[in-house]
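When reading the values below, keep in mind they use all heavy atoms of this one structure, side chains included, and skip hydrogens, waters and symmetry mates. Computed from a predicted model, the values in this text were never measured in an experiment. Lettering of chains follows the sequences in order, A, B, ..., and the numbering in each one begins at 1.
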Protein chains: 2
Amino acid sequence: MAKPGIPKGTRDFSPIEVSKRQYIIQIIKTNFEKFGYQPIETPSFENSETLMGKYGEEGDRLIFKILNSGDKVKKADLAALEANNLAKFSNSLSEKALRYDLTVPFARYVVQRQGELEFPFKRYQIQPVWRADNPQKGRFREFYQCDADVVGSTSLWQEVELVQLYDSVFAELGLEGVTIKINNRKILSGIAEVIGASDKLIDFTVALDKLDKIGEDGVKKEMLEKGISAEAIEKVQPLFHFTGTISEKISQLSELLSSSEEGRKGVEELQFICDTIAKLGLKKSNFDLDVTLARGLNYYTGAIFEVAAPKTVAMGSIGGGGRYDDLTGIFGLKNMSGVGISFGLDRIYLVLDELGLFPETVTVSSKAIFFNYGNEEAFYAMQAITRLRNEGIKVELYPDKAKLDKQFKHAEKRQIPFVVMAGSNEIATESFSVKDLITGEKHTLDFNGLKTLLQ
Amino acid sequence: MAKPGIPKGTRDFSPIEVSKRQYIIQIIKTNFEKFGYQPIETPSFENSETLMGKYGEEGDRLIFKILNSGDKVKKADLAALEANNLAKFSNSLSEKALRYDLTVPFARYVVQRQGELEFPFKRYQIQPVWRADNPQKGRFREFYQCDADVVGSTSLWQEVELVQLYDSVFAELGLEGVTIKINNRKILSGIAEVIGASDKLIDFTVALDKLDKIGEDGVKKEMLEKGISAEAIEKVQPLFHFTGTISEKISQLSELLSSSEEGRKGVEELQFICDTIAKLGLKKSNFDLDVTLARGLNYYTGAIFEVAAPKTVAMGSIGGGGRYDDLTGIFGLKNMSGVGISFGLDRIYLVLDELGLFPETVTVSSKAIFFNYGNEEAFYAMQAITRLRNEGIKVELYPDKAKLDKQFKHAEKRQIPFVVMAGSNEIATESFSVKDLITGEKHTLDFNGLKTLLQ
């Protein structure tokens, strides 16, 4: 029989991997709650119509569809298959699909429960999502998203809080040197107005983003090639030397976008958020304004966030988010502004691993294993084990009466720090012989001594 | 637009529901770890061949299959559809399927990693599974399983520990009066030998299980109808008056099954487990021997466990498990004995809810909300909020400058116990006015006083 495997793009997680992931998730969760976000969970699969058409054509193709059960497959649309309309054929075989992200299910939840929810509603959600993407390094077909969003208020205090929330999580993870970058969709719209070409905005920001790599001339060349006029480029000349403090950058933008009403609104929003963050201070993270930040351009309507890993680690963004003024409009509930952020669990894991930032306490091993010398001795051991577990101490009994050598090797391979040996001598004196496998030290202790050692 | 919904048999979980579920899961998890079990996680979907054929014909039908993406649907086996071989047609459209339980993926994991695992390997796994079952009260298409299993040792100490583990979890949940029932497959085989009909064993136990309801005569009548001879029934007459302590029951079984070698082995195993449990003692749970217990008959080879909810609650079993001597044989790895138990999260939830056993600390609300009187006051509030959050206290700012009445109602609906009001007077005196929404009491406090109150 061939060794079994798992589908490509999916992963098994070993005990130490689960523990490390749980360590990160726990810190994210605690902070979400500290900031007033409440957990919800939605089903792994939704009705197809809830998901289809929400992520663009590319997204639709990447949604995993669930095959109808039993007799329902008889409804297969063979004419569509014949006509090579594979999407239609697939849809005739499927009514449900796996969650593609947490945002659309959240919007569905809010619309479905709008009568019972109290707004503004702050929710967090930490669940897996699935995408039929081509797997590659760091990109999986099953992965977790960790999202916090608030809907029902346009207050910019929420943007302020979300920056603090990022900072708070990364500080607690001991991750220094991350940069929380902010931009605003209205700034981008203002730039588009100024260069006189909304349709060229993406080409413009993509080119501008390469400034570090290909220099001012290179960027301008690319812009011209993309059909942005020399005159337009001239108008936003300050963006090519866009440095300094956040306030200095905001001043430059204010001047540059003075002719655009939307641009001015964007500057005002940025100003409030950045000033307030500056006055409140952050714990560990850097905070910067990045006008090339344009993620989810068609989606966000106000603030746009992205978090860059510390420069010492070659890793893309480890988080992102922003404000979207019409989250629930797709399900018919208008005027429900939302803003939220997401943490990239897999990448945060890789960054912490690379920098050696997982604490030593993140471990899966028991504190001690009791050797098994036979049923009588095992019973003596089990009495102590039961009492230790009642104190919350992780201990175990080697289940079989095996050679001592084998039991020692087991303890070592499992990286259990202490072995407890209790044979007839220890039983007679109500004691326990303990060996510290790290230092090699040996002790003979009574129960309370043992408990103190292992606590 | 029609209000969106979710697929039948699935559930959204609201904040309080998630928190209550997490409360249970956290206690199960902590106890799994205290007993030396380590967490693993497997992908939500497996290759179809990993799952198909492992759960019987009925199981195969209940497995959710994932439709192949893109061009692959062209491989649809239309001849099979024509021939009304729907299973074959479905299989031609699908290569992956959603996890149906946690046991088969665990077996797959062990076989795949046999070279790197250290045996005996104690793993726990808490993840959702999916079944295309007909939804009904308490039966869902997506639900969590919480399993602990150990593979690689036949030691009965593991059975002893698993009984303790059940007891420890239910004690920590404050759930008194559960009954952990034990039986042994070898006892059942012994009975089959004695009545001279292995093929009638299920009919026999099903009928015997009705003793309470239909009485001895009713049970015997049913047995005769099922083709069990009067002579055979006579031979196991003691089972109709099978009462007393566990030791008394074991004595009766010992006598009854003296002619069956396998039966005697079963008695011996039971004796060791029950004696040891009696000597070690349990915290809260009852422990009993139930010879009608036959769950997963074709699967278990030794001990069989089931946990009954307290008699005051009308609820079936809230947990079950047992020993299976050939867990990994399905994937070609022989002689790997396993034993494990499972907790029924959904039912435990219902039991705790009905008995009012969720602690008041299981809540999702913030400890206090600061009212918003405008940006200047909000900034003063946010300075305090930031410091309180740094102390781990859940607090929030009402995001908008709304009418006080509206802010009060929001706090009440969210069941937030304290509101903090800080206007120009408070700012001038560096104080905070706090109202306790439960008692109606008002205080004026400095920051430290506020911190102490909310801690």
Problem set entry | Residue Ala76(A) versus chain B: region with a heavy atom under 4.5 Å | side chain
For this session: Can you tell which part of Leu98(B) gets under 4.5 Å to a heavy atom of chain A, answering side chain, backbone, both or neither?
Result: side chain
Exercise. Do you know which of Lys283(B), Arg21(B), Arg123(B) has the most heavy-atom pairs under 4.5 Å to chain A?
Worked result: Lys283(B)
For this session: Please state whether the rings of Tyr109(A) and Phe121(A) are parallel, tilted or perpendicular, taking 30° and 60° as the class boundaries.
Result: parallel
Exercise. Looking at Lys279(B), Glu116(B), Lys409(B), which has the largest count of heavy-atom pairs under 4.5 Å with chain A?
Worked result: Lys279(B)
Seminar exercise, completed: Whatever's closer than 4.5 Å to a heavy atom in chain B on Phe89(A) counts as side chain
Exercise. If you measure from the Lys or Arg side-chain nitrogens to the Asp or Glu carboxylate oxygens, is any gap between Arg99(A) and Glu46(A) under 4.0 Å?
Worked result: no
For this session: May I ask you to say whether Glu33(B) pairs ionically with Lys394(A), meaning some side-chain N is under 4.0 Å from a carboxylate O?
Result: yes
Seminar exercise, completed: One option among Ile63(B), Asn47(B), Val395(B) has the most heavy-atom pairs under 4.5 Å with chain A, and it is Asn47(B)
Problem set entry | chain B contact via Leu93(A) - which portion, at a heavy-atom distance below 4.5 Å | side chain
For this session: Heavy-atom distances under 4.5 Å only: say whether Glu161(B) touches chain A with side chain, backbone, both or neither.
Result: side chain
Seminar exercise, completed: Pair count under 4.5 Å, heavy atoms only, with chain A: among Gly70(B), Gly5(B), Ala87(B), highest is Gly5(B)
Exercise. Which bit of Glu95(B) is near chain A, if near means a heavy-atom gap under 4.5 Å: side chain, backbone, both or neither?
Worked result: neither
Exercise. Heavy-atom distance under 4.5 Å to chain A: side chain of Ala378(B), backbone, both or neither?
Worked result: both
Exercise. Arg389(B) versus chain A, heavy atoms under 4.5 Å apart: side chain, backbone, both or neither?
Worked result: both
Exercise. For Ser44(A), is it the side chain, the backbone, both or neither that has a heavy atom under 4.5 Å from a heavy atom of chain B?
Worked result: both
For this session: Name the region of Asp71(B), side chain, backbone, both or neither, that has any atom closer than 4.5 Å to a heavy atom of chain A.
Result: both
Problem set entry | Engaged part of Ile40(B) at the chain A interface, taking heavy atoms whose separation is under 4.5 Å | both
Problem set entry | Structural part of Leu62(A) lying under 4.5 Å from a heavy atom of chain B | neither
For this session: Go through the atoms of Lys122(B) and report whether side chain, backbone, both or neither lie under 4.5 Å from a heavy atom of chain A.
Result: side chain
Problem set entry | Which of Leu388(B), Asn372(B), Asn84(B), Leu117(B) touches chain A most, by non-hydrogen pairs under 4.5 Å | Asn84(B)
Exercise. In terms of the angle between their ring planes, are Phe272(B) and Trp157(B) parallel, tilted or perpendicular, with boundaries placed at 30° and 60°?
Worked result: perpendicular
For this session: With a 4.5 angstrom heavy-atom cut-off, could you sort out which part of Ser69(A) is near chain B: side chain, backbone, both or neither?
Result: side chain
Exercise. For atom CD of Gln415(A), is the number of surrounding heavy atoms from other residues, nucleotides or ligands below 6.0 Å larger than 12?
Worked result: no
For this session: For each of Gln114(B), Glu396(B), Arg113(B), Glu118(B), tally heavy-atom pairs with chain A at distances under 4.5 Å, and name the one with the top tally.
Result: Glu118(B)
Exercise. Can the positive tip of Arg11(B) be found less than 6.0 Å from the middle of the six-membered ring of Phe140(B), inside 45° of the ring normal?
Worked result: yes
Exercise. At a heavy-atom separation under 4.5 Å, does Lys406(A) approach chain B through its side chain, its backbone, both, or neither?
Worked result: neither
Exercise. Using non-hydrogen atoms only, which part of Ile66(B) is less than 4.5 Å away from chain A: side chain, backbone, both, or neither?
Worked result: both
For this session: Examine whether an atom of Lys96(B) lies under 4.5 Å from a heavy atom of chain A, and if so say whether it belongs to the side chain, the backbone or both; otherwise answer neither.
Result: side chain
Exercise. For Ser14(B), is it the side chain, the backbone, both, or neither that has a heavy atom closer than 4.5 Å to a heavy atom of chain A?
Worked result: both
For this session: Measure distances from Ser90(A) to the heavy atoms of chain B and classify the residue's part below 4.5 Å as side chain, backbone, both or neither.
Result: both
Problem set entry | Part of Gln164(B) within contact of chain A (heavy atom distance under 4.5 Å) | side chain
Problem set entry | Engaged part of Tyr37(B) at the chain A interface, taking heavy atoms whose separation is under 4.5 Å | neither
For this session: Inspect the contact between Glu142(A) and Arg131(A) and indicate whether a charged nitrogen and a carboxylate oxygen are less than 4.0 angstrom apart.
Result: no
Exercise. Given that the side chain runs from C-beta out, which part of Tyr398(B) has a heavy atom under 4.5 Å from chain A: side chain, backbone, both or neither?
Worked result: side chain
Problem set entry | Side chain, backbone, both or neither of Ser155(A) within contact of chain B (heavy atoms, under 4.5 Å) | both
